[in-house]
Amino acid sequence: MTQSVAFIGLGAMGYRMAAHLPKYFEKVYVWNRNFDKAKQHATEYGTLAVELTEAVQADVIFSCLPTSDDVETLIDNVNIKSGAIWIDCTSGVPEAARRLAERLKTQNIDFLDAPVSGQTIGAENATLTVMVGGDVNAFECAYPAMAAIGKLIQHVGDSGAGFAVKAINNMLLAVNLWSVAEGFSTLKAHGVNLDAALNCINASSGKSMVTETIFPQRVLSREFPVTFALPLLAKDTGIALDLVHEAKLPAPILALTQSLIQAANLTAEPNSDFSSAVKMYEAWTKIILK
Ligand code: NDP
């Protein structure tokens, strides 16, 4: 039975995800590199801000860091409790998940790759989708902890499968974001009112999450709120394209989208939201999407 839970990495996602755990678990440890955030979390939500060495003594340990490299480096430098389950909510690299799962198994520790989707609002409302790769028994044991932060908790296969699903999901988001920018620029060039067009498309077959929320709330509003950083999306499309290459498949749309997102990331202002990728297209066309 899970006695204690820890959350490592209180960033845009982690801070909000960890906030739900005290509703279900008596002891919830939090740790963050900038430790003031952990102390702030403890004050706000009744969690316990502890040193990393103590956090990794919990029965269930969540991590949500930018990359798999960050997680591997962190794991390299700690002694995790034997029998613990590590739930990595980072959008990571499938190969790293396989490596970590294999290595930790020798220490009687289960590693689940459990990336999430649903943005910061989903983290806040505990409505995230959690896509999980790894041992099924560990998945079942860790299910209550994951259910505290998410709505759909889906086991998708062996180690690495969760990270793979997440990378392809975010590639599809990127494809959609870019194609909606092209489509709406074309409509604007033809003098069409974009809000009216959006109303029609959101009641038609071309609708998507991008047309339903991203475009109205971030692009057409010109707000581009920084909740999911563009470099993180560029990382995810990179992981997805590596998967395509490993499978030796042709994927011209995905390859092109990866190049576009990389270029947008290189040319964007520092600290840009992923939706700012459309600004590169606006610079080419001189059409501002508003
Ligand atoms: P943030 O940049 O907001 O937060 C990153 C967190 O990781 C911070 O707590 C940071 O600590 C910590 N961190 C960074 N590098 C290290 C390191 N080397 N060692 C230890 N801690 C480190 O990222 P997000 O919360 O936005 O994203 C986290 C993960 O979730 C990413 O993989 C992202 O792709 C994914 N994701 C993000 C979503 C979003 O909408 N933002 C949605 C779904 C998935 P410190 O405070 O000290 O800098």
Side-chain angles (χ1 to χ4, degrees), residues 6-19 29-42 47 49-53 55-56 61-78 86-94 96-97 100 113-133 146 149-153 162-174 177 209-210 213-214 217-218 224-240 261 265 270-277:
F7 205 106
I8 292 171
L10 304 171
M13 293 299 285
Y15 199 90
R16 293 166 170 90
M17 289 156 75
Y29 303 118
V30 289
W31 180 84
N32 193 65
R33 185 178 57 177
N34 167 357
F35 199 64
D36 284 347
K37 274 198 212 167
K39 288 197 238 167
Q40 173 72 30
H41 199 276
T47 49
V50 295
E51 291 303 322
L52 184 57
T53 46
V56 296
I61 304 153
F62 284 94
S63 54
C64 190
L65 305 184
T67 68
S68 281
D69 279 352
D70 296 322
V71 176
E72 272 194 291
T73 305
L74 189 132
I75 286 181
D76 280 346
N77 290 297
V78 289
W86 191 292
I87 305 173
D88 185 19
C89 299
T90 304
S91 299
V93 177
L100 277 169
D113 46 304
V116 297
S117 181
Q119 304 178 65
T120 49
I121 184 75
E124 207 160 304
N125 295 333
T127 53
L128 295 170
T129 298
V130 191
M131 34 208 113
V132 191
M146 295 186 283
I149 58 152
K151 194 169 162 196
L152 173 67
I153 321 296
F163 285 163
V165 175
K166 173 66 185 175
I168 295 297
N169 177 76
N170 279 20
M171 178 61 102
L172 297 179
L173 167 69
L177 179 69
M209 191 224 182
V210 170
T213 64
I214 307 298
Q217 292 170 12
R218 293 172 190 250
F224 302 101
V226 189
T227 67
F228 176 41
L230 182 52
L232 292 176
L233 179 63
K235 168 211 44 160
D236 295 337
T237 55
I239 296 169
I261 296 296
N265 184 35
N271 197 29
S272 286
D273 187 59
F274 76 101
S275 54
S276 308

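In this chain, residues are counted from 1 in sequence order. In listed order, ligands and their atoms are each counted from 1.
- Summarising the contacts of atom 42 (C) of ligand 1 with M13, R16, K37, the nearest heavy atom is found in M13.
- Nearest protein heavy-atom contact of atom 48 (O) of ligand 1 is R33 NH2, 2.9 Å.
- Protein heavy atom closest to atom 29 (C) of ligand 1, with residue, atom name and distance, is L65 O, 3.3 Å.
- Summarising the contacts of atom 43 (C) of ligand 1 with V116, N170, V226, the nearest heavy atom is found in V116.
- Ligand 1 lies out of reach of S117, whose nearest heavy atom is not under 4.0 Å from it.
- Ranked by closest heavy atom to atom 4 (O) of ligand 1, the top entry among C89, G11, P231 is G11.
- Among protein heavy atoms, atom 18 (N) of ligand 1 sits closest to D70 OD1, 3.3 Å.
- No side-chain donor from either of D76 and T73 sits under 3.5 Å from a side-chain acceptor of the other.
- Of the protein's non-hydrogen atoms, L232 CD1, 4.0 Å is the one closest to atom 23 (O) of ligand 1.
- Within ligand 1, counting atoms from 1 as listed, the ones closer than 4.0 Å to a heavy atom of G9 are 9 (O).
- Near T227, with a cut-off below 4.0 Å to any heavy atom, the atoms of ligand 1 are 39 (C), 40 (O), 41 (N).
- Shown in contact with K235 at under 4.0 Å from a heavy atom are these atoms of ligand 1, numbered in order with element: 31 (C), 32 (O), 33 (C), 34 (O).
- For ligand 1, the atoms lying closer than 4.0 Å to a non-hydrogen atom of K166 are 43 (C), 44 (C).
- Within the 4.0 angstrom cut-off, atom 2 (O) of ligand 1 has no protein heavy-atom neighbours.
- The closest protein non-hydrogen atom to atom 11 (O) of ligand 1 is N32 OD1, 3.6 Å.
- Residue L10 touches ligand 1 through its backbone alone, judged by heavy-atom distances below 4.0 Å.
- Listed by number with element, the atoms of ligand 1 under 4.0 angstrom from any heavy atom of Q119 are 40 (O).
- With ligand atoms numbered from 1 in the order given, ligand 1 contributes 32 (O) to contacts under 4.0 Å with heavy atoms of T90.
- With respect to atom 7 (O) of ligand 1, the closest heavy atom belonging to the protein is P66 CD, 3.3 Å.
- Looking only at protein heavy atoms, the nearest one to atom 35 (C) of ligand 1 is S91 OG, 3.4 Å.
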